[in-house]
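Throughout, protein chains are lettered first and strands after them, A, B, ... in sequence-line order, and every chain is numbered starting at 1.
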Protein chains: 2
Amino acid sequence: MKKNELPTLYWKKGQLHLLDQRLLPQKIEYRLCSSYPEVIASIREMVVRGAPAIGISAAFGMALAAREALIKGYNAVEMREYLQDAGALLGQARPTAVNLPWAIARAEKWLRGHLDASEGDIVEGLEQLALLIHEEDLANNRLIGKKGSDLLPRKGSVLTHCNAGSLATGGYGTALGVIRAAVEQGKDIHVYVDETRPLLQGARITAFELEHEGIAATLVTDNCAGHLMATGRVDLVVVGADRIAGNGDVANKIGTYVLAVLAQYHKIPFYVAAPLSTVDLAIAAGKDIIIEERSSSEVTHLNGRCMAPEDMKAFNPAFDITPAKLITAIITEKGVLRQPDRQKVMGLFDL
Amino acid sequence: MKKNELPTLYWKKGQLHLLDQRLLPQKIEYRLCSSYPEVIASIREMVVRGAPAIGISAAFGMALAAREALIKGYNAVEMREYLQDAGALLGQARPTAVNLPWAIARAEKWLRGHLDASEGDIVEGLEQLALLIHEEDLANNRLIGKKGSDLLPRKGSVLTHCNAGSLATGGYGTALGVIRAAVEQGKDIHVYVDETRPLLQGARITAFELEHEGIAATLVTDNCAGHLMATGRVDLVVVGADRIAGNGDVANKIGTYVLAVLAQYHKIPFYVAAPLSTVDLAIAAGKDIIIEERSSSEVTHLNGRCMAPEDMKAFNPAFDITPAKLITAIITEKGVLRQPDRQKVMGLFDL
């Protein structure tokens with residue numbers, strides 16, 4: 001996907017347009033959000049997904065809330081109350097990606113920093129902030145790509161899980177950003193794409209992105225990773241993150257931890273690529289990260305059909321926790337943390 | 001499923017009826033095979049699957065071939081030639097399950113042992129042999145269940161992969177036979193069922209069997225295993241096998257090896273339950289087992305719809321190899337081999 005060819009989201013005439021990722025790759029359709037509750041619904045239903053993209057969407061959600069308040073004829077005080085509620089509700093849309101509360105906290109900080117702002121100033125200020133957060137994310141991803149691409153061999157095979165690509169972010173991608181940058185440098189990279197059950201973000205989105213980029217890719221079921229590694233087909237693993245604890249433990253799409261254990265067993269490097277906005281210093285360790293449990297039907301049903309006995313219940317955690325000790329390095333826009341630990345993670349924020 | 005309530009296959013009036021497992025659990029439909037090429041097609045298309053069930057089907061395939069030859073008016077010499085071809089072709093239906101060539105070898109051994117048999121004798125003899133192989137398998141599974149159930153705690157949670165149940169065998173099941181026997185002994189067992197992509201034998205068949213048995217079960221995606229183990233939800237893993245090498249290495253459904261690595265990392269016992277007919281002494285080690293690669297579309301398509309970009313290719317090995325060193329024990333009808341190795345595997349055949 002060329003830059004801007006198929007944006008994850010864009011802001012136009014005071015409205016947020018979100019690519020409906022549930023319909024990919026068969027259908028390219030944008031959902032228009034004119035109010036912050038529509039943004040909440042879009043995050044919850046996974047029209048938009050991927051921690052950085054969720055954060056950017058939430059920032060635009062705050063901008064939309066300011067516009068709603070203006071249309072309702074609220075004064076600045078009433079607008080701030082409306083925004084407080086909007087922030088609280090947007091923050092609860094999904095529990096695991098920290099970029100969501102991070103983006104809302106930035107909007108709230110802007111509000112605290114502009115206590116004399118008029119209604120119009122607030123609308124303008126929050127819109128500009130959301131656009132800035134979006135731009136920053138894209139720039140950070142390019143930096144992540146640049147720093148991470150050095151870790152890839154001149155010729156080699158990478159396994160990735162879920163989608164940490166352009167469509168999980170403001171553009172370019174984190175894990176896929178690393179791959180993309182390596183290919184841009186002329187490296188000969190082949191990607192094994194985990195389909196990533198239950199929602200198949202690998203098959204539907206990562207495969208789609210790589211194909212558009214012209215990067216060699218092969219789809220596999222999530223069951224294949226062990227066989228791929230045991231038969232020497234994978235040189236390294238790179239994934240994204242939904243929340244990184246202060247000690248370097250990583251919450252990411254369910255199945256990520258499986259790859260980390262397999263990678264260690266096979267002595268293959270395991271990399272996590274994520275911006276600093278994914279780091280949550282308020283969480284000491286991975287065990288304290290709340291893991292979202294989603295509906296049983298995401299597992300039992302596909303394409304509208306039930307694949308299991310009708311009354312069978314599925315356990316469907318959306319994420320798992322990979323301890324820092326299994327991570328070869330975390331790749332951020334501020335640098336590569338090899339053998340991440342609390343000290344190294346804290347060090348990122350002292351720069 | 002109560003015994004005989006929904007048999008994997010049955011022989012009636014000289015015809016083989018195979019439960020079409022591709023349609024489960026939504027549809028219960030038997031495919032009737034009147035000729036051995038229909039049996040080959042049914043094995044290849046996975047109407048019938050599971051190593052022991054494939055072996056039994058092949059034995060009936062030989063019985064059908066004899067009947068076909070009789071109907072064609074062949075004499076005993078011509079019938080033997082026809083059976084030779086049938087055996088060669090049946091043996092190539094799928095490459096990994098050794099029960100397939102094992103069953104055919106038994107039919108061929110019967111033929112060599114009855115060189116004076118008339119056409120009618122051969123038809124009768126091969127039919128009786130197939131029925132015997134079926135009965136033996138059921139009896140072996142009950143023994144496997146009995147011996148294996150001692151390994152299960154009074155109360156605990158088991159993770160299984162794919163389907164090594166009644167419907168993978170002549171009845172009762174291997175891995176599920178162990179669980180079934182433990183429950184019959186009054187043990188309080190809960191089963192986590194890996195859905196088992198790409199063909200979802202866990203979601204479609206294992207979940208269905210357990211529900212019919214009234215055994216507590218929860219479905220999970222294959223990605224969940226790491227999280228389940230890390231959060232203390234799994235006490236042991238038990239799976240079946242498609243071929244066991246002379247040194248105890250095991251070929252089983254793709255993803256099995258992933259569970260074995262995870263189980264070792266989490267210090268959880270990993271058991272393989274299989275009859276001696278699954279052991280292939282001609283294969284020294286797992287690396288020599290041929291792993292079937294199935295069609296890309298099994299991964300990219302589901303319920304008739306493509307889930308990936310239209311031209312995306314998938315790598316789809318049907319099995320992987322679990323080295324003996326990762327296996328806590330192999331449970332057979334002749335006993336439990338703890339820390340299996342060549343000597344212990346060979347010992348089974350000296351009894």
Side-chain angles (χ1 to χ4, degrees), chain A residues 25-26 161 192-198 200 202-204 207-208 211-212 217-228 230 233 253-262 264-266 291 296 299-300 302-317 319-323, chain B residues 25-26 161 192-198 200 202-204 207-208 211-212 217-228 230 233 253-262 264-266 291 296 299-300 302-317 319-323:
Chain A
Q26 277 75 19
H161 192 67
Y192 281 105
V193 179
D194 265 359
E195 62 174 6
T196 319
R197 282 283 292 154
L200 299 169
R204 297 190 301 102
F208 175 72
E211 199 173 81
H212 271 71
T218 303
L219 184 64
V220 287
T221 67
D222 306 310
N223 277 325
C224 246
H227 181 67
L228 290 177
R233 287 177 164 94
K253 180 56 57 199
I254 188 80
T256 299
Y257 171 59
V258 174
L259 296 185
V261 172
L262 286 170
Q264 189 193 52
Y265 185 79
H266 294 91
I291 293 182
S296 172
V299 178
T300 53
L302 198 77
N303 293 341
R305 273 176 63 176
C306 185
M307 300 171 299
E310 285 291 347
D311 42 358
M312 178 58 50
K313 283 284 164 282
F315 173 53
N316 184 21
F319 306 95
D320 59 21
I321 306 294
T322 299
Chain B
Q26 277 76 19
H161 192 67
Y192 282 105
V193 179
D194 264 359
E195 62 174 6
T196 318
R197 283 280 292 153
L200 298 167
R204 296 189 302 102
F208 175 73
E211 200 173 81
H212 270 71
T218 303
L219 184 64
V220 287
T221 66
D222 306 310
N223 278 324
C224 246
H227 181 68
L228 290 176
R233 286 177 166 93
K253 180 56 55 196
I254 188 81
T256 299
Y257 171 60
V258 175
L259 297 184
V261 171
L262 285 170
Q264 189 194 52
Y265 184 78
H266 294 92
I291 294 183
S296 172
V299 178
T300 53
L302 200 76
N303 294 339
R305 273 176 59 178
C306 185
M307 300 171 300
E310 285 291 345
D311 42 358
M312 178 57 51
K313 282 286 163 279
F315 173 54
N316 184 22
F319 306 94
D320 59 21
I321 306 294
T322 300

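With respect to chain A, the highest number of heavy-atom pairs below 4.5 Å among B:Thr218, B:Val258, B:Ile254, B:Asp194 belongs to B:Ile254. In terms of non-hydrogen atom pairs under 4.5 Å with chain B, the most contact-rich of A:Val261, A:Val220, A:Asp320 is A:Val261. Top candidate by heavy-atom pairs under 4.5 Å with chain A, chosen from B:Glu310, B:His161, B:Arg204, B:Met307, is B:Met307. If you tally non-hydrogen atom pairs under 4.5 Å between each of B:His266, B:Lys313, B:Arg305 and chain A, the highest count goes to B:Arg305. For the options A:Cys224, A:Ala217, A:Ala225, A:Gly202, heavy-atom pairs under 4.5 Å to chain B are most numerous at A:Cys224. Most heavy-atom pairs under 4.5 Å with chain A, from the set B:Thr221, B:Asn303, B:Thr196: that is B:Asn303. Contacts with chain A were tallied for B:Ser296, B:Pro317, B:Pro323; B:Pro317 has the most, counting heavy-atom pairs under 4.5 Å. Listed options A:Lys253, A:Gln26, A:Gln264 were ranked by heavy-atom pairs under 4.5 angstrom with chain B; first place goes to A:Gln26. Counting heavy-atom pairs closer than 4.5 Å to chain B, the top-ranked of the candidates A:Ala260, A:Cys306, A:Gly304 is A:Cys306.
Considering every non-hydrogen atom in both B:Tyr257 and A:Gly226, the closest pair reads CE2-O, 3.3 Å. The shortest heavy-atom contact between B:Pro309 and A:Ala203 is CD-O, 3.2 Å.
Side chains of B:Asn223 and A:Asp222: a donor-acceptor N/O pair is present below 3.5 angstrom, by distance only.
Atom CG of residue B:Leu262 and atom CG of residue A:Leu262 lie 6.0 Å apart, to the nearest 0.5 angstrom. A distance of 4.0 Å separates CZ of A:Arg197 from CD of B:Glu195, quoted to the nearest 0.5 Å.
Residues A:Val193 and B:Met312 are not in side-chain contact: their nearest non-hydrogen atoms beyond the backbone lie 4.5 Å or more apart.
Both the backbone and the side chain of A:Leu302 come within contact range of chain B, judged by heavy atoms closer than 4.5 Å. Heavy atoms closer than 4.5 Å to chain B are found nowhere in A:Leu259, neither backbone nor side chain. Of the two parts of B:Leu200, only the side chain, counted from C-beta on, holds a non-hydrogen atom closer than 4.5 Å to a non-hydrogen atom of chain A. Contacts of B:Tyr265 with chain A are made by side-chain atoms alone, with heavy-atom separations under 4.5 Å and no backbone atom involved. The contact between A:Asp311 and chain B is made by backbone and side chain atoms together, counting heavy-atom distances below 4.5 Å.
Partners of A:Tyr192 according to the ring-ring contact (aromatic ring centres under 6.0 Å, His included) rule, which considers only residues two or more places apart in sequence or in another chain, are A:His190. With sequence neighbours left out, the side chain to side chain donor-acceptor pair (under 3.5 Å) criterion links B:His227 to no other residue.
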